[in-house]
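Every chain is numbered from 1, with letters handed out A, B, ... down the list of sequences.
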Protein chains: 2
Amino acid sequence: MSLTRIHNLSISLDGFATGEPQSAEAPFGHAGQRLHQWMFGTRFWDASGTAGVDDAFAERHSQGIGAEIMGAHKFGPPGWQDDREWKGWWGPNPPFHTPTFVLTHHPRPSIEMEGGTTFHFLNAAPAEALDTAREAANGLDVRIGGGPSVVRDFLAAGLVDHMHLVQVPIVLGRGVRIWDGLEALEDAYDVEAVSSPSGVTHLTFTRRVAP
Amino acid sequence: MSLTRIHNLSISLDGFATGEPQSAEAPFGHAGQRLHQWMFGTRFWDASGTAGVDDAFAERHSQGIGAEIMGAHKFGPPGWQDDREWKGWWGPNPPFHTPTFVLTHHPRPSIEMEGGTTFHFLNAAPAEALDTAREAANGLDVRIGGGPSVVRDFLAAGLVDHMHLVQVPIVLGRGVRIWDGLEALEDAYDVEAVSSPSGVTHLTFTRRVAP
């Protein structure tokens, strides 16, 4: 069975998954790289990194994934839709290596990159986008890649089977919150928390199956 | 040296320390008792409870405390100021056992209860209230007892030395948030997270001392 998964989505103590304002120079706004520092210390990111709990969670990002869905804000800075040459933040070989569906109100022709990533552009609601990505995933799982508003939309629509959040001990104060509109989310999930020696806390949400 | 401390302040994943609306029947609104279930399972609460990490944190609530400061919303439901007979939620022997200062715009005469608790009513800003409580604490520490808006006011004023929060794996969606207006709080504190087998995560903030 093909699952819908979220991995390595980092949030502040106050629940912001990105700061503000987003720009070409600051993809995460005033948060800078602080939300992702934990990941840079892992073997998943760098061969000289740690192999502990942070790494165990981080490396699941790519395992068994056949397609990604991301929001327009993840693909580029405000205005990228007007730049016909924009191909994402990640250079010629993006770290997705699968079909990758970018949700946007301004679709454009698909872009084939090196390393197996092809960007497709979809103007679609979550359920419809998921159907399209699921088909492209060819039996593997679909990752909802973020940002926070897209993750929220998929959670609110009840489409997520597994979510891994990483809570970083900083208070961002402003940005885009992950939790808004998700009251009682725990009713549908088993929630587990495990703190890491690095200072972050990993939260996993596993969808409950009716008995 | 007398410290200013916060203990056992329970919050949801989305940072709410109480639900809504508050009433005589529901002191924590729609949150009910869900934020404090972890504590009811400890030896601190009941002699048959657990003695693990939840208990280790919980029992520090009273150790070395000489006075408490609380907000009007902790002392009673909306409108208690109009009830001359209201003496708090806790019956004749409240669990404070020290001078306890209630911040209110409608001060009234002090009330001496059983077990060492005396309620005093203060119309004062955080720093002034803390001076008064510190004097009453007679060399011991002062606890900021909540609710969340009072805790926020004392944090924002830089008056808190130690804070212990307990993050409960539920999404409340509405209520009173602990984090609002506290951007970059971590600059002044060492923050530690430890998850408990009960499912909650204990967060401790220890004020950094200039080297």
Enumerate, atom names and distances included, each donor-acceptor pair closer than 3.5 Å involving a side-chain atom of residues 121-130 of chain B, sequence neighbours excluded.
{"unit_1": "B:N123", "atom_1": "OD1", "unit_2": "B:H105", "atom_2": "ND1", "d": "3.3"}

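Against chain B, the residues from residues 156-171 of chain A that qualify, each with a non-hydrogen atom under 4.5 angstrom away, are A:Q167, A:P169, A:I170, A:V171 in number order. Proximity to chain B among residues 59-72 of chain A is not found for any residue, judged by heavy-atom separations below 4.5 angstrom.
Contacts of A:L203 with chain B are made by side-chain atoms alone, with heavy-atom separations under 4.5 Å and no backbone atom involved. Looking at A:L172, only its backbone comes within 4.5 Å of chain B, counting heavy atoms on both sides. Looking at A:F205, the atoms closer than 4.5 Å to chain B (heavy atoms on both sides) all sit in the side chain, from C-beta outward.
For A:D180 and B:R177, the salt-bridge test passes: some basic side-chain N is under 4.0 Å from an acidic carboxylate O. Under a 4.0 Å N-O distance rule, the pair A:R34/B:D187 does not qualify as a salt bridge.
Across A:A193 and B:G199, no two heavy atoms sit closer than the pair CB-O, 4.2 Å.
Of the inter-residue distances, the one linking A:L13 atom CG with B:L182 atom CG reads 10.5 Å to the nearest 0.5 angstrom.
Counting non-hydrogen atoms of other residues, nucleotides and ligands closer than 6.0 Å to CH2 of A:W45 gives a total of 12 or fewer. Around atom NE2 of B:H120, more than 12 heavy atoms belonging to other residues, nucleotides or ligands sit under 6.0 Å away.
No other option in B:F16, B:W179, B:Y189 has as many heavy-atom pairs under 4.5 Å with chain A as B:W179. When each of B:G173, B:G15, B:S195 is checked for heavy-atom pairs under 4.5 Å with chain A, B:S195 comes out on top.
Contacts of B:E183 classified as side-chain contact (heavy atoms from CB on, under 4.5 Å), with partners at least two apart in sequence or in another chain: A:H30, A:R174.
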